[in-house]
Engineer: 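Below you will find the structure I want to go over with you.
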Amino acid sequence: MKGEERLDPCGEEDLNELMRQRRVKLEKLKERNIQPYALKFNRTDLIVNLRQRFQNLQQGEESDYSTSVAGRLLALRLHGKASFADILDSSGKIQLFASADQLGLEDYEFFTTLDIGDWIGASGKIFKTRRGELTVKVESFQLLSKALRPLPEKWHGLRDVETRYRQRYVDLIVNPEVREKLMIRVDTIHALRDYLDRQGFVEVETPMLQLIPGGATARPFVTYHNALDTNLYLRIAPELFLKRCIIGGLEKVYEINRNFRNEGVSYKHNPEFTMLEFYWAYVDYLDLMDFLEEMLSSIIADLRGSTVIEYQGQKLDFTPPWKRITLLNAVSQALGREIGFYMELDELRRIAEENDIQLEKNWGKGKIITELFERLVEMNLWQPTLVMDYPKEVSPLARTHRNDPNLTERFELIVANREIANAFSELIDPLEQKSRFEQQAAQWEAGDEEAHRIDTDFLRALEYGMPPTGGLGLGVDRLVMLLTDSHSIREVILFPHLRPEAF
RNA sequence: GGGCCGCUAGCUCAGUUGGCAGAGCACUGGACUUUUAAUCCAGGUGUGCCGGGUUCGAGCCCCGGGCGGCUCACCA
């Protein structure tokens, strides 16, 4: 922990030299009746618009256009009676030119005492310097907000990852790529919504607080509702509520929102993460594979200009069609021998042990085969791959496979060794769903904290009749990681979870 | 949770065998009216993550703790 971090951030004592200097300046401003925290500023132009409008201005040429810009002061280059400054607004940077000639001596002196980090507004004519830099010739300016803390230095910026995540506001100021990644995230979510809206899906909002955390295998966060005197769980997935929407007749629904899972934190896991789930009546998982291929490849092409992107130094090719394999074939191939449900449980257990998998006693054939897949195949899958037909044992909400009672009509999209999407032909038979829940309940009794719990209302809903439906979930953060070439999920989440900071 | 690594000035980082705690940027003072990592002259940066221990002497060695990164396990 840095010494400075332990200070009360609002305290007046024990400030470092730079912070003391700024507080002294603040007092001097007040003595001169200068309000250091302005009420408002009438900005006329966003910096990006000025750059576009005056891109053809000649070097040394001055326009007759007078602008008012505002932003944070990021650099000051003092040259005696004339100075340059850079300010940053939400759209970009622009240079200011301030001189004693233009401002008069008193205002010019004030300008030179501004600190890097201060917010200012400035008005004047747009011109281009002899060096070709678009610049505002400041005729008047106003301090909008005084900064009491110094910013990190200009070349190296802020590197310390802990400070970058804890004080993302500073990261956003000094590291332009943070803003760029955020904008790719914004554009990705917008593109997903736009694509689904155009296909006639309706976006719905389903409960974050749930009595029974369902729709996935994961440990939930627990909270408590005072008036109802009951425990509630932060949702681990919206799945069961979105299916209720399908039962209600909505036909094509989706939700993009947060899920919460009370599990480990790592470079690909944050306790809260953003998930897209959609449900589509009358289609099966084969339709969904085509749809996902088309949706993702077109969004990636729109956003990145190509369906081939680079991730962590390697190419990722999203050009359809993607490789499709069945889980059983993939495992068989990796093992160099045919495996399947016809084998005895003991034999599968032996193969798992030979491959360094720590077995648990209640695991059946399906779970063991899935573990083998994750260990032997998934960690080697780099290019987008659709893995089909997961065992029923690990898929309590998916429809039984039309050709094999041990399997379900489920696929996952694996890219760069990680699961990006998970989808299936939904199980719509209420009686079969009931018995699947009961099997899960038995696992729960046996100590599996991630086993699915029986959701009686969901079974009741199914009994009213659910049309054949395909459903898909997509990890938005992980998709954005791929699109921004980010190694860690923390790079694509503005405020990732860290251990509490000790002040 | 396990293993490995890191924590020194506001920021980015050096620091020899255990022997006066440093550099660049930032900051302060001075010069400078077209710079953009501005330049030139001068100057001060400090709870060495915290707490113990060893030692004449600890940023450095030992023990305990904190936070972070990577990685393994778990998971999406």
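In what follows, every chain begins at residue 1, and chains take the letters A, B, ... in the order their sequences are listed.
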Engineer: Under 4.0 Å between any heavy atoms, over every strand shown, what does A:Gln358 touch: base, sugar-phosphate, or nothing? Just pick one.
Structural biologist: nothing

Engineer: Determine the interatomic distance between P on B:rG2 and the same-named atom on B:rG64; round to the nearest Å.
Structural biologist: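 To the nearest whole Å, 13 Å.
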
Engineer: If you find the nucleotide of RNA chain B closest to A:Glu450 and the one closest to A:His497, which residue's nucleotide is nearer the 5' end?
Structural biologist: A:His497

Engineer: Distance check needed: B:rC11 P versus A:Tyr169 OH, whole Å only.
Structural biologist: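 So the OH-P distance, A:Tyr169 to B:rC11, works out to 12 Å.
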
Engineer: Given the C1' atoms of B:rG65 and B:rG46, what is the spacing between them in whole Å?
Structural biologist: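 Pairwise C1' distance, B:rG65 against B:rG46, rounds to 23 Å.
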
Engineer: Take the protein atom CZ of A:Arg159 and the nucleotide atom P of B:rG24, then report the distance between them rounded to whole Å.
Structural biologist: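 So the CZ-P distance, A:Arg159 to B:rG24, works out to 19 Å.
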
Engineer: Could you tell me whether a side-chain N or O of A:Trp322 sits under 3.5 Å from a main-chain N or O of A:Phe318, the two making a donor and an acceptor?
Structural biologist: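 The answer is yes, because a donor-acceptor pair under 3.5 Å joins these two groups.
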
Engineer: When rounded to the nearest Å, what value does the distance between C1' atoms of B:rU16 and B:rG59 take?
Structural biologist: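 Per the computed distance, 13 Å lies between those C1' atoms.
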
Engineer: Sort out the partner of B:rG44 for me: Watson-Crick or G-U wobble, both distances under 3.5 Å, none otherwise.
Structural biologist: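 Its partner is none (no Watson-Crick or G-U wobble pair with both distances under 3.5 Å).
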
Engineer: Looking at every non-hydrogen atom in both residues, tell me the closest pair between A:Ala423 and A:Leu288 and how far apart they are.
Structural biologist: CB-CD1, 4.1 Å

Engineer: If the P atom of B:rC61 is compared with that of B:rG19, how far apart are they to the nearest Å?
Structural biologist: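 It comes out at 11 Å once rounded to the nearest Å.
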
Engineer: What's the gap between B:rC27 and B:rC70 when it is taken at their C1' atoms, as a whole Å value?
Structural biologist: 35 Å

Engineer: Can you work out whether A:Ile420 or A:Ser488 has the more 5'-proximal nearest nucleotide on RNA chain B?
Structural biologist: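 Here A:Ser488 is the residue nearer the 5' end.
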
Engineer: OP1, OP2 of B:rC67 versus side-chain N and O of A:Arg166: anything below 4.0 Å?
Structural biologist: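 Answer no for this pair, as no side-chain N or O of A:Arg166 is under 4.0 Å from OP1 or OP2.
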
Engineer: Tell me what A:Asn270 touches on the nucleic acid: a base, only sugar-phosphate, or nothing, going by heavy atoms under 4.0 Å.
Structural biologist: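 Contact class for A:Asn270: base.
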
Engineer: Taking any strand in view, what nucleotide pairs with B:rC13 in a Watson-Crick or G-U wobble way, both distances under 3.5 Å?
Structural biologist: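 Partner of B:rC13: B:rG22.
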
Engineer: I'd like a table of donor-acceptor pairs (distance under 3.5 Å, sequence neighbours excluded) in which one partner is a side-chain atom from residues 364-371 of chain A, with atom names and distances.
Structural biologist:
unit_1	atom_1	unit_2	atom_2	d
A:Lys365	NZ	A:Phe341	O	2.9
A:Lys365	NZ	A:Met343	O	2.9
A:Lys367	NZ	A:Glu371	OE2	3.1
A:Thr370	OG1	A:Gly366	O	2.8

Engineer: Is there a Watson-Crick or G-U wobble partner for B:rA58 with both distances under 3.5 Å, and which nucleotide is it?
Structural biologist: none

Engineer: So, A:Ser395 side chain and A:Lys392 main chain: donor-acceptor pair closer than 3.5 Å or not?
Structural biologist: no

Engineer: Go through the structure and list residues passing side chain to side chain donor-acceptor pair (under 3.5 Å) with A:Lys25, not counting sequence neighbours.
Structural biologist: A:Asp115

Engineer: Between B:rG43 and B:rC56, how far is it from one P atom to the other, in whole Å?
Structural biologist: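 The answer is 39 Å between these two P atoms.
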
Engineer: Considering only nitrogen or oxygen atoms on both sides, find all protein atoms under 3.5 Å from nucleotides 1-4 of chain B and state each distance.
Structural biologist:
none

Engineer: According to the salt bridge (Lys or Arg N to Asp or Glu O under 4.0 Å) rule, which pairs have a member within residues 413-424 of chain A, sequence neighbours left out?
Structural biologist: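 Residue pairs with at least one partner in residues 413-424 of chain A: there are none.
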
Engineer: Would you say A:Lys154 places a side-chain N or O within less than 4.0 Å of OP1 or OP2 belonging to B:rA26?
Structural biologist: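 True: A:Lys154 side-chain N/O within range (under 4.0 Å) of B:rA26 OP1/OP2.
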
Engineer: Applying a 4.0 Å non-hydrogen cut-off, can you work out what A:Arg478 is touching in the nucleic acid: base, sugar-phosphate, or nothing?
Structural biologist: base

Engineer: For A:His487 and B:rU71, is the shortest distance between a side-chain N/O and OP1 or OP2 below 4.0 Å?
Structural biologist: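 True: A:His487 side-chain N/O within range (under 4.0 Å) of B:rU71 OP1/OP2.
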
Engineer: For B:rC20 and B:rG66, measure between their P atoms and round to the nearest Å.
Structural biologist: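 Those two atoms are separated by 33 Å.
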
Engineer: Let me know the distance between OH of A:Tyr267 and C1' of B:rU71, rounded to the nearest Å.
Structural biologist: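 In whole Å, B:rU71 C1' and A:Tyr267 OH are 9 Å from each other.
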
Engineer: Whole angstroms only, please: what is the CZ-C1' distance between A:Arg261 and B:rC74?
Structural biologist: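 From A:Arg261 CZ to B:rC74 C1': 13 Å.
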
Engineer: Specify the separation, in whole Å, of atom CD of A:Glu153 and atom P of B:rA9.
Structural biologist: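 After rounding, the reported distance stands at 13 Å.
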
Engineer: Strictly below 4.0 Å: does A:Thr217 bring a side-chain N or O up to OP1 or OP2 of B:rC74?
Structural biologist: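 Looking at the OP1 and OP2 atoms of B:rC74, neither is under 4.0 Å from any side-chain N or O of A:Thr217.
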
Engineer: Heavy atoms under 4.0 Å, any strand shown: does A:Gly60 hit a base, just sugar-phosphate, or nothing?
Structural biologist: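 Answer is nothing: A:Gly60 stays at 4.0 Å or more from every strand.
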
Engineer: Which nucleotides of nucleotides 27-36 of chain B have their base under 4.0 Å from a protein heavy atom (B), which only their sugar-phosphate (S), and which neither (-), written as one string 5' to 3'?
Structural biologist: SS---BBBBB

Engineer: By the salt bridge (Lys or Arg N to Asp or Glu O under 4.0 Å) test, which pairs, at least two apart or in different chains, include something from residues 64-77 of chain A?
Structural biologist: A:Arg77-A:Asp86

Engineer: Taking the same atom, P, in B:rA26 and in B:rU12, what whole-Å distance lies between them?
Structural biologist: 15 Å

Engineer: Write down the distance between CZ (A:Arg164) and P (B:rC11), rounded to a whole number of angstrom.
Structural biologist: 15 Å

Engineer: Looking at B:rU34, which nucleotide sits across from it as a Watson-Crick or G-U wobble partner, both distances under 3.5 angstrom, or is there none?
Structural biologist: none

Engineer: Do any side-chain nitrogens or oxygens of A:Arg375 fall under 4.0 Å of OP1 or OP2 in B:rA73?
Structural biologist: yes

Engineer: Treating A:Tyr311 as the side-chain partner and A:Ser486 as the backbone partner, does any N or O pair qualify as donor plus acceptor under 3.5 Å?
Structural biologist: yes

Engineer: Can you check the A:Glu360 CD to B:rA73 C1' distance for me, whole Å?
Structural biologist: 12 Å

Engineer: Any heavy-atom pair between the side chains of A:Asn262 and A:Pro220 that's under 4.5 Å?
Structural biologist: no

Engineer: Donor-acceptor pair, distance only, cut-off 3.5 Å: does the side chain of A:Asn270 make one with the backbone of A:Glu272?
Structural biologist: yes

Engineer: Pick out which of A:Tyr285, A:Tyr195, A:Phe411 makes a ring-ring contact (aromatic ring centres under 6.0 Å, His included) with A:Phe291.
Structural biologist: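 Single pass found, and it is A:Tyr195.
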
Engineer: Go ahead and name the base partner of B:rG68; Watson-Crick or wobble counts if both distances stay under 3.5 Å, otherwise write none.
Structural biologist: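 Per the H-bond distance test, B:rC5.
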
Engineer: Could you tell me whether A:Arg235 sits above the aromatic face of A:Phe241, with NZ or CZ closer than 6.0 angstrom to the six-membered ring centre and within 45 degrees of the axis?
Structural biologist: no

Engineer: Measure NE2/A:His156 against P/B:rA23 and give the value in whole Å, please.
Structural biologist: 16 Å

